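Working notes, beginning with the structure itself.
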Number of protein chains: 2
Amino acid sequence: MGRAGIARQAAWRGPRARESGSGTGWTGVGEESAIARDPSLGALGSEPDPPGEPSVVGARGLSRPDDTGGVGHGEYASLKDVASRAGVSFQTVSKVLNGGGSVAPATLERIRRAAEEVGYIPNVLARGLVMRGTKTLGIVAADPSDHVLGRFVVAAEIEARRQGWATVVANVDAFTSDVGRHVEVLSERRVDGILMAAPQAETDPDLGERLRGLLPVVSLYTILGLRAPLVGSDHVQTGMLAVRHLILHGHRTVGVVAGTLGRHVTAARMTGYARAFSESNIELNDSDLVEEGDWTTAGGYLATMRLLDRAPEVTALFVHNDYMAMGAIRALYERNRDVPGDVAVVGCDDAPVAAYTVPSLTTVRVPFEDTGRVAMGLLLRMVGGGPAPITSTLLPVELVARASCGCAVARGTAPPAAPGAARRTEAM
Amino acid sequence: MGRAGIARQAAWRGPRARESGSGTGWTGVGEESAIARDPSLGALGSEPDPPGEPSVVGARGLSRPDDTGGVGHGEYASLKDVASRAGVSFQTVSKVLNGGGSVAPATLERIRRAAEEVGYIPNVLARGLVMRGTKTLGIVAADPSDHVLGRFVVAAEIEARRQGWATVVANVDAFTSDVGRHVEVLSERRVDGILMAAPQAETDPDLGERLRGLLPVVSLYTILGLRAPLVGSDHVQTGMLAVRHLILHGHRTVGVVAGTLGRHVTAARMTGYARAFSESNIELNDSDLVEEGDWTTAGGYLATMRLLDRAPEVTALFVHNDYMAMGAIRALYERNRDVPGDVAVVGCDDAPVAAYTVPSLTTVRVPFEDTGRVAMGLLLRMVGGGPAPITSTLLPVELVARASCGCAVARGTAPPAAPGAARRTEAM
DNA sequence: TTGAAAGCGCTAACAG
DNA sequence: CTGTTAGCGCTTTCAA
């Protein structure tokens, strides 16, 4: 075994050179300067990026098939490699590197150095095999170019890291509905739990069955046929706050640019809409005033156009997210309807741009960061063996009044946001 | 071994029940209906989401610590479990499940069924151990709430999947500069290559050293001290196209709301700016007209405000991305400067909202999707042993003229985009 | 056509 | 304090 280690070591070409001349460990000076002189690196920090006359090519083209690197991609050093270098057994190395029990200070130091010198990187695969767990959480996220989910995911990852866990993300692109495959990728890699942050979960027919009993799961979206704890924000309240605000401003004919109709958020926000009317004892001429959007600006624009064609009498619009609201504002502009003079607009989410549109956008702030933090915290507790809550965890939302509903901030009056943490400040 | 398998099997509580009464495999009806009756699941597809009176709680609160789930999280079935169920050795199962050579049709069928019944999910960790490779690529991505990178990452993942590779993403949040840690997380998991899509790579002092010789790497950003192939778009060209366009419109005093000054993109776009002037033989009163932004709308707003204070004589603004450009438009609005009448604005990237701002935003389209596809394609080739190109691969950009520079699309004239694939259509 | 042996890199328990 | 034995789940010879 010791010999095997040594034998392999001779062939091994790890991340750093070993057996380097002096005993001080490898500095890599030679290579370093060779690389620094390479024109392909160029004058760092000064000019064109990347430098030199660029080789502009078509989508598939590549330039000069040269240079596999000089520095080949070696194999990783193993515990045995470290061990033979330090003159101990690899089990002792394992103990040391995991901060284990009693080891002679001298040995410890020797091992530490050896590990450093060979650039030891633990093999989480092997460790996971024996530990039956990877200290890793998987996040299934929707297309991250959905701005809003991005904020959620990042917050969740930060929370995991804070608690000493690694995360890996599997992004579901907008064209795929097969969330199951992504779950599979993660569970094949034996993550210890999954945070589900892809709306596709609501419609995937057998996701629930695939997930059942497999792993601890916390989801942002209802998963069919799976009793997974849900964390989110109060969408009904969102609808209520938005529409109540419009009603208070005297609006009675409130059009809706809704999100995708299949989604629960959409239904909930519609419920809030209805509830706002009923609590005011105002009769509501509903479904005719609703147009479905697809959460994008383009979709919001088109839906608004359709709505204006059909119901030009609307004096206000409740739009299910801020990106669509921007499309709505654009559509109103093209139809020569002043916002908020002719039509008031309220969005949802409080996207970072909402404070800067013209006019600035009244919206309902959704606490994405908090949601991410809470959801991950809950998942971590479940992974640690804690109980799963049986009810949903809903975080509160709040109205942020700006100009698009006729509130506040006249032109040129006040900056839409304080310097720095603009979004935060305003939302408070 | 067989006995061990059986022994463990008795205790094992896998994703699906085994040894179920009938021979048809488990259907889970009992549990299913129990769950469906659970009020916490609510009336799917109809109303509030999540349903029932929500338990609105503070950030840390949780509701009813009840119900660990009924369905515990069992362990995964192993090859041995499948084997003992099919009455063969686990090696044979391995062969079958990997589409291996000659196996008796009957055995094959029996194994397939057994695997299905126990819900076998291969352990990629164990496989990776012996195969010395995971068929997985790592992507180090910046904060995915950066809309633009999200598009890149998703395209890259799609390309990987198309070629049969799995991907895992490690997101670097905006507050961390330690890209190295994320590389570590990925290489500990023995991904076979890394796609670096975090701008922090440009400033991390020892990322290059950590990466050298470790793995195949393709990067969107120059990595200090590492000869990694770069894929990106032609930022110099971007600056030139934008500014040349403004010059053609007669502008001579062109202010700049730049990106972060340390970044190469920023420098390159400034180079393009200068080049556009020099090719027109126009003298250029440069640095005084540049304000640094931070790529956010808020930052663009503030930078523009500062610039207008200092240089009210500008008649045009070259803004280094579309989000900042929105902030710029807002700032100009507050200062009562008409866009484009008093000040023309050109952005960069062609973000999905650019077509819908008021006025719609002239910008330079950056082919994020193509970049992602190409970068991943290159990485895949390198992982497969192919050579790394020594020069950068830069994809071409193109100007998209809209209203904010005085071009095109008067109010109410034409929809800013065709229905559906708006972004694409316009950019062509 | 199938199974037995070996070993990937690692941790855990125990013996020296 | 250190090394030995055992085994995690898997693929790969190679022998039966």
Side-chain angles (χ1 to χ4, degrees), chain A residues 1-5 7-9 11-12 14 75-84 86-111 114-115 118 120-135 187-190 192, chain B residues 1-5 7-9 11-12 14 75-84 86-111 115 118 120-135 187-190:
Chain A
M1 199 169 293
R3 279 194 295 138
R8 274 202 313 97
Q9 191 179 5
W12 177 71
E75 306 204 343
Y76 288 92
S78 72
L79 279 184
K80 285 183 190 165
D81 295 319
V82 177
S84 73
V88 292
S89 76
F90 74 91
Q91 294 88 339
T92 305
V93 176
S94 170
K95 200 195 295 181
V96 167
L97 263 30
N98 294 316
S102 31
V103 187
T107 329
L108 192 145
E109 179 51 30
R110 215 154 14 100
I111 291 176
V118 300
Y120 176 71
I121 296 182
N123 187 329
V124 172
L125 274 53
R127 178 185 294 164
L129 243 198
V130 23
M131 304 278 277
R132 339 197 101 255
T134 49
K135 264 281 193 178
S187 60
E188 280 175 349
R189 281 156 191 75
R190 297 299 189 262
D192 299 320
Chain B
M1 198 168 295
R3 277 194 296 135
R8 275 203 311 98
Q9 191 180 5
W12 177 71
E75 306 204 344
Y76 288 92
S78 72
L79 279 185
K80 286 183 190 165
D81 295 318
V82 177
S84 71
V88 293
S89 76
F90 73 93
Q91 293 92 335
T92 305
V93 176
S94 169
K95 200 196 294 180
V96 168
L97 262 31
N98 295 317
S102 33
V103 187
T107 330
L108 194 144
E109 179 51 32
R110 210 150 20 96
I111 290 176
V118 301
Y120 176 71
I121 296 182
N123 187 329
V124 172
L125 274 53
R127 177 184 296 163
L129 242 198
V130 22
M131 305 276 278
R132 339 197 100 255
T134 50
K135 264 282 194 178
S187 60
E188 282 175 349
R189 282 160 187 73
R190 297 298 188 260

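Chain A is the first sequence line, chain B the second, and so forth, proteins listed ahead of strands; every chain is numbered from 1. In this text, all values refer to a predicted model and were calculated from it rather than measured experimentally. Values below: all heavy atoms of this structure, side chains included; hydrogens, waters and symmetry mates excluded.
- Rounded to an integer number of Å, the gap from CG of B/Leu97 to P of D/dC10 is 9 Å.
- Among all heavy-atom pairs drawn from A/Ala77 and A/Tyr120, the shortest one is O-CD1, 3.4 Å.
- For A/Gln91, counting side-chain heavy atoms from C-beta on, the closest listed nucleotide (D/dC1, D/dC8, C/dT11) is C/dT11.
- In this model, the phosphate group of D/dT11 is approached by a side-chain N or O of B/Ser94 to a distance below 4.0 Å at OP1 or OP2.
- In this structure, CZ in A/Arg189 is found 11.5 Å from CZ in B/Arg189, a value given to the nearest 0.5 Å.
- Listed here is the closest heavy atom pair of B/Ala83 and B/Ser89: CB-C, 3.7 Å.
- Between A/Asn98 and C/dT11 there is a side-chain polar atom (N or O) within less than 4.0 angstrom of OP1 or OP2.
- Across every non-hydrogen atom of A/Gly128 and A/Thr134, the tightest pair is CA-CG2, 4.4 Å.
- You'll find that the side chain of A/Asn123 is closest to C/dG9, out of C/dG9, C/dG3, D/dT11.
- Candidate nucleotides D/dT11, C/dT11, D/dG9 were compared by shortest atom distance to the side chain of A/Leu79, and C/dT11 ranks first.
- The interatomic distance linking A/Ile111 (CD1) with D/dT2 (P) rounds to 7 Å, in whole Å.
- Phosphate proximity of D/dC1 to A/Lys95: absent, as no side-chain N or O sits under 4.0 Å from OP1 or OP2.
- The phosphate of C/dT2 has neither OP1 nor OP2 within less than 4.0 Å of any side-chain N or O from B/Ser89.
- Nearest to the side chain of A/Ser78, among C/dT11, D/dT12, C/dG9, sits C/dG9.
- Phosphate proximity of C/dC10 to A/Tyr120: present, with a side-chain N or O under 4.0 Å from OP1 or OP2.
- For B/Arg110 and B/Ala126, each mapped to the nucleotide of DNA chain C holding its nearest heavy atom, the one lying further toward the 5' end belongs to B/Arg110.
- Between B/Tyr76 atom OH and D/dG9 atom C1' the separation is 14 Å, expressed in whole Å.
- Not one side-chain nitrogen or oxygen of B/Ser102 sits closer than 4.0 Å to the OP1 or OP2 atom of C/dT2.
- In this structure, A/Arg132 does not reach the D/dC8 phosphate: none of its side-chain N or O atoms is under 4.0 Å from OP1 or OP2.
- In this model, the phosphate group of D/dG3 is approached by a side-chain N or O of A/Thr92 to a distance below 4.0 Å at OP1 or OP2.
- Going from atom CG of B/Leu129 over to atom P of D/dG7 covers 17 Å, rounded to whole Å.
- Proximity note for B/Met131 (side chain, C-beta onward) versus D/dT12, D/dC10, C/dT11: the nearest is D/dT12.
- Closest approach of A/Arg110 and A/Gly87 over heavy atoms only: NH1-O, 4.3 Å.
- In this structure, B/Arg189 places its CZ atom 22 Å from P of C/dC8, rounding to the nearest Å.
- For the pair A/Leu79 and A/Val93, the tightest heavy-atom approach, listed with the atom from each and the gap, is CD2-CG1, 3.5 Å.
- Rounding to whole angstrom units, CD of residue A/Glu75 and P of C/dG9 are separated by 8 Å.
- Atom-to-atom, CZ of B/Arg190 to P of C/dG9 comes out at 9 Å; the value is rounded to the nearest Å.
- Distance, A/Glu109 CD to D/dC1 P: 16 Å, rounded to whole Å.
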